[in-house]
Asks: 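The structure is given below, and queries will be raised subsequently.
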Amino acid sequence: MKKKLANLLEESINRCIEKGFLKPCTLPPIEVDLPREDSHGDYASNVAMTLASIQRKKPRAIAEDIVASINDRNSMLESIEIAGPGFINFFIRQDFWVTLLKEPDMLKSRFGESSIGGGKRVLVEFVSANPTGPLHIGHARGAVTGDVIARILEASGYFVSREYYINDAGNQMNLLGRSIYYRYRELFGEEEAFPQDCYQGEYIADLAREIRDRDGNEHLHRKPDDAFAIFTEYGCESLMEGIREDLEAFGVTFDSYFSEKELYRNEGVTRLIEELMDKGFVYREGDTLWFKTTDFGDDKDRVVVRETGEPTYFAADIGYHKSKFDRGYDMVIDIWGADHHGYIPRIYAGIQAIGRERSALHIILVQLVNLLRDGIPVAMSTRAGEFVTLREVLDEVGRDAARYNFLMRRSNSHLDFDLELAKKQSNENPVYYVQYAHARIASIMRTAMERGFDIPGYDDVDLSLLKLEEEMELVKAIDRFPDVIEGSARSLEPHRIPFYSNDLASSFHSYYNRNRILGDDAELSRTRLFLVKNVGLVLGNALRFLGVTAPERM
RNA sequence: GCGCCCGUAGCUCAGCUGGAUAGAGUGGCAGACUUCGAAUCUGUUGGUCGUAGGUUCGAAUCCUACCGGGCGUACCA
């Protein structure tokens, strides 16, 4: 509906220009919004006001010209009003509203999809947790955020690939190997003190036991450096396997895993550094190489090759991003924990230095999760081995509730996640509200069948029977769904979908409590059945975008 | 110190990229099941949008300063 009205306005403005009412100019984007007040119409536009400054003319006068030139071929409009400083308010005819139900009924599970992406290739990189321990709840929020952004973009005409960057090189990996090694020695009674700086978690000892069960004591006689390498590799692979399984149980899958170690092996990092040197973005100071990120707005230059001759993590990361673009992606999305925000200017400097547009990279920061149990904070630290794993959360609160809770908030705001609250199967838990509406509708459909109704399609019902305000509200809400998904895709904001779903579920519950769907009047019942069926369809589609199940009964 | 994020109802949060009289949920209070699912619904209570300036037809939204909370500020990843 929004788009139909915007088109109507655009045509009219062009006509005004032809007739000389308005001076030729480049049109501002035509916005059509939902007014807060019902008395301001079903939709409203402020074009007259935005044109006013360009045209140097009074907004109300412009609005009048535009309204006079509108050609409502399809008889959508009940009336148009000009209000306040120059708003154009549209009132849509009731019999036009109901025709919009044709679309969801035809498109079914594809209702909500669009082609705004135009086939652009997008890489979404997310989670990318170091394989030094199992995923914990902090990773979970980034995981669902990335997953849902990928789902939305896929539905919006983008060609999407999901990637996990494995930091399987560097100090933390060595530390992992050492940690397992010392636990391994303990198993054979080598009781030196377990180093403080090593990973303390119980899972380290588990890994050590696995190696003992497989290889016995053979690593005891190796030189520590050789043993570290073996233990590192084993730990990394084993932990990655666990991570993959946990994510899958959480409904999150990847198309590719990109290994940092591979990047080094393929000379990706050396080639990158050479490129930066060739382009003159790098200077030498003693034995270290500095990248002039300040040329791109960073507040200080950054080291890319250490005194020791080893490239930094940063160097590898630019190399990794170069690889993303070299693989042909038009748009790259990184989902990061908010604690990495300081890193943003430097990575932008990196991609600009390799000749890419800033606008091709979108970094989404996901704020940290405050884990609570009954309102009391739960302390977490990977190093100390104190944390609640993703697996534990899944086992305790379930996948649907966990996902929904993470998706309800803007990723940019801090999130309290209360384990007890998320676990409750009651009205305190918003996921059930939407699911319940879906299940309830499914139940109505079942009852209807039992009573001998068919489930009608668009052409089999008399839509003029939909007269109630609540019914119009539902029709309007259904019609809005594609706009919500599109807005969500453009802004990369998944949280809009839970909010919309909640509103739609609320309108439905309210309608249901006030009116009978299946009553004495067979024709009316069939029409209402049709309406409600489409509400269920949209709720189902919305939940699918969120990766949450849409139950038929619960 | 510097940088980023956040500050909206008692609590948890939306606010459609600058629009008209600021909204939900939750909590409190009062109500609705012999009829399609009460995990539901209806009504009511509740706000100087952190503070002070500025930009303009118009600001919770943009700019500046300050206050409060979080997170960064490595030749770690």
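All values derive from a computational prediction rather than experimental measurement. Keep in mind that the numbers below use all heavy atoms, side chains included, and drop hydrogens, waters and symmetry copies. In what follows, chains carry the letters A, B, and so on, assigned in the order in which the sequence lines appear, proteins first and then strands, with residues in each chain numbered from 1.
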Asks: What's the closest nucleotide to the A:R410 side chain, out of B:rA77, B:rC36, B:rG15?
Replies: B:rG15
Asks: Are the side chains of A:M1 and A:I92 in touch, meaning some heavy atoms are under 4.5 Å apart?
Replies: yes
Asks: Rounded to whole Å, how long is the line connecting atom CG of A:L539 with atom P of B:rA39?
Replies: 17 Å
Asks: Taking the side chain of A:H509 as its heavy atoms from C-beta onward, which of B:rU40, B:rG37, B:rG3 lies nearest to it?
Replies: B:rU40
Asks: Hey, would you say the A:Y164 and A:F258 ring centroids sit under 6.0 Å apart?
Replies: no
Asks: Taking atom P in both B:rG58 and B:rC5, what distance in whole Å separates the two?
Replies: 28 Å
Asks: Could you state the atom-to-atom distance from CG of A:D298 to P of B:rC4 in whole Å?
Replies: 12 Å
Asks: If we take the C1' atom in both B:rC6 and B:rG28, what is their distance in whole Å?
Replies: 29 Å
Asks: Does CD in A:E233 sit with more than 12 non-hydrogen atoms of other residues, nucleotides or ligands closer than 6.0 Å?
Replies: no
Asks: Should the side chain of A:D299 and the base of B:rG3 be counted as holding a donor-acceptor pair, with the cut-off at 3.5 Å?
Replies: no
Asks: Which part of the nucleic acid, if any, lies within contact of A:T447, taking any heavy atom under 4.0 Å across all strands shown: a base, the sugar-phosphate backbone alone, or nothing?
Replies: sugar-phosphate
Asks: How would you label the contact of A:M408 with the nucleic acid (heavy atoms, under 4.0 Å): base, sugar-phosphate, or nothing?
Replies: nothing
Asks: Determine whether a donor-acceptor pair (one donor, one acceptor, N or O, separation below 3.5 Å) exists between the side chain of A:N502 and the base of B:rA14.
Replies: no
Asks: Rounding to the closest angstrom, what is the interatomic distance between B:rG50 and B:rC67 at atom C1'?
Replies: 7 Å
Asks: State the pairing partner of B:rA9; accept Watson-Crick or G-U wobble contacts with both distances under 3.5 Å, and report none otherwise.
Replies: none
Asks: Taking the same atom, P, in B:rA14 and in B:rG25, what whole-Å distance lies between them?
Replies: 16 Å
Asks: Measure NE2/A:H414 against P/B:rU12 and give the value in whole Å, please.
Replies: 13 Å
Asks: Applying ring pair (Phe, Tyr, Trp, His ring centres under 6.0 Å) between A:Y320 and each of A:F314, A:Y165, A:Y264, report the one that passes.
Replies: A:Y165
Asks: Identify whether a stacking contact exists between A:F87 and B:rA20, where the ring centres must be under 5.5 Å apart and the planes under 30° apart.
Replies: yes
Asks: Answer yes when A:R526 and A:D454 have at least one side-chain N-carboxylate O distance shorter than 4.0 Å, and no when they do not.
Replies: yes
Asks: Any idea which of B:rA38, B:rC4, B:rA74 is nearest the A:K300 side chain?
Replies: B:rA74
Asks: Between atom CZ in A:R302 and atom C1' in B:rG3, what is the gap in whole Å?
Replies: 10 Å
Asks: For A:A448, answer base if it contacts any base atom (sugar-phosphate contacts may also be present), sugar-phosphate if it contacts only those atoms, and nothing otherwise; contact means non-hydrogen atoms under 4.0 Å.
Replies: nothing
Asks: Select from A:A439 and A:V303 the residue whose nearest nucleotide in RNA chain B is closer to the 5' end of that strand.
Replies: A:A439
Asks: If B:rG72 has a Watson-Crick or G-U wobble mate with both distances under 3.5 Å, name it; if not, just say none.
Replies: B:rC2
Asks: The side chain of A:N412 lies closest to which of these nucleotides: B:rC13, B:rC6, B:rC16?
Replies: B:rC6
Asks: Out of B:rA38, B:rC13, B:rC75, which nucleotide sits closest to the side chain of A:R440?
Replies: B:rA38
Asks: Does this structure show an ion pair linking A:K2 with A:D479, if we count only N-O contacts that are shorter than 4.0 Å?
Replies: no
Asks: Between B:rA77 and B:rG15, how far apart are the C1' atoms? Round to whole Å, please.
Replies: 38 Å
Asks: If you measure from the Lys or Arg side-chain nitrogens to the Asp or Glu carboxylate oxygens, is any gap between A:R178 and A:D197 under 4.0 Å?
Replies: yes
Asks: Toward the 5' end of RNA chain B, which comes first, A:S491 or A:I441, by nearest nucleotide?
Replies: A:S491
Asks: If I pick the P atom on B:rA60 and the same atom on B:rA22, what distance separates them, to the nearest angstrom?
Replies: 9 Å
Asks: Using a heavy-atom cut-off of under 4.0 Å over every strand shown, decide if A:E310 touches base, sugar-phosphate, or nothing.
Replies: nothing
Asks: Take atom P in B:rG68 and the same atom in B:rU51, then report the distance between them in whole Å.
Replies: 15 Å
Asks: What is the distance from CZ of A:R514 to C1' of B:rG37, rounded to the nearest Å?
Replies: 19 Å
Asks: Which nucleotides of nucleotides 30-35 of chain B have their base under 4.0 Å from a protein heavy atom (B), which only their sugar-phosphate (S), and which neither (-), written as one string 5' to 3'?
Replies: -----B
Asks: Side chain of A:H495 only, heavy atoms from C-beta on: which candidate in B:rA38, B:rC41, B:rA14 is closest?
Replies: B:rA14
Asks: Within 45° of the six-membered ring axis of A:Y348 and under 6.0 Å from that ring's centre, is NZ or CZ of A:R358 located there?
Replies: yes
Asks: Checking base pairs now: Watson-Crick or wobble, both atom distances under 3.5 Å. What partners B:rG27?
Replies: B:rU45
Asks: When you measure from the side chain of A:Q367, which nucleotide among B:rC36, B:rC71, B:rC5 comes out closest?
Replies: B:rC5
Asks: So what does A:N515 hit on the nucleic acid, given a heavy-atom distance under 4.0 Å: a base, only sugar-phosphate, or nothing?
Replies: base
Asks: Which part of the nucleic acid, if any, lies within reach of A:S443 when heavy atoms closer than 4.0 Å are counted: base, sugar-phosphate only, or nothing?
Replies: base
Asks: Would you indicate which nucleotide in B:rA20, B:rU17, B:rU12 comes nearest to any side-chain atom of A:E31?
Replies: B:rU17
Asks: Just compare B:rC75, B:rC41, B:rC71 and give me whichever is closest to any side-chain atom of A:Y433.
Replies: B:rC41
Asks: Using atom P of each nucleotide, how far apart are B:rA59 and B:rC49 to the nearest Å?
Replies: 12 Å
Asks: Hey, is the side chain of A:S413 poking within less than 4.0 Å of OP1 or OP2 on B:rA14, counting only N and O atoms?
Replies: yes
Asks: For A:F314, report the nucleic acid contact type (base, sugar-phosphate, nothing); a contact means any heavy atom under 4.0 Å.
Replies: nothing
Asks: Rounding to a whole Å, what distance do you find between A:I485:CD1 and B:rC16:P?
Replies: 17 Å
Asks: Choosing from B:rU12, B:rG19, B:rG37, which nucleotide comes nearest the side chain of A:P85?
Replies: B:rG19
Asks: Would you indicate what A:D301 reaches in the nucleic acid, counting non-hydrogen atoms under 4.0 angstrom: base, sugar-phosphate, or nothing?
Replies: nothing
Asks: Can you list the steps and then say if A:E471 with A:R528 is a salt bridge (Lys or Arg N to Asp or Glu O under 4.0 Å)?
Replies: CA-CA 9 Å; A:E471 289 167 336; A:R528 289 183 168 174; 2.9 Å; yes
Asks: Just to be sure I understand the rule, does A:M554 reach a base, reach only the sugar-phosphate, or reach nothing, if contact means heavy atoms closer than 4.0 Å?
Replies: base
Asks: Please state how far atom CD in A:E493 lies from atom C1' in B:rU17, giving the value in whole angstrom units.
Replies: 9 Å
Asks: Between A:R36 and B:rU21, is there a side-chain N or O to OP1/OP2 distance below 4.0 Å?
Replies: no
Asks: So what does A:A52 hit on the nucleic acid, given a heavy-atom distance under 4.0 Å: a base, only sugar-phosphate, or nothing?
Replies: nothing
Asks: Going by modelled atom types, is there a donor-acceptor pair between the base of B:rG72 and the side chain of A:H340 at under 3.5 Å?
Replies: no
Asks: With sugar-phosphate meaning primed atoms plus P, OP1 and OP2, does A:I344 contact a base, only sugar-phosphate, or nothing at under 4.0 Å between heavy atoms?
Replies: nothing
Asks: Between A:R410 and A:E493 (salt bridge meaning N to carboxylate O under 4.0 Å), is one present in this structure?
Replies: no
Asks: Any salt bridge between A:R490 and A:E486, counting N to O under 4.0 Å?
Replies: yes
Asks: Grab the CG-P distance between A:L175 and B:rA77 for me, whole Å please.
Replies: 12 Å
Asks: Measure from the ring center of A:Y43 to the ring center of A:F91 and say whether it is less than 6.0 Å.
Replies: no
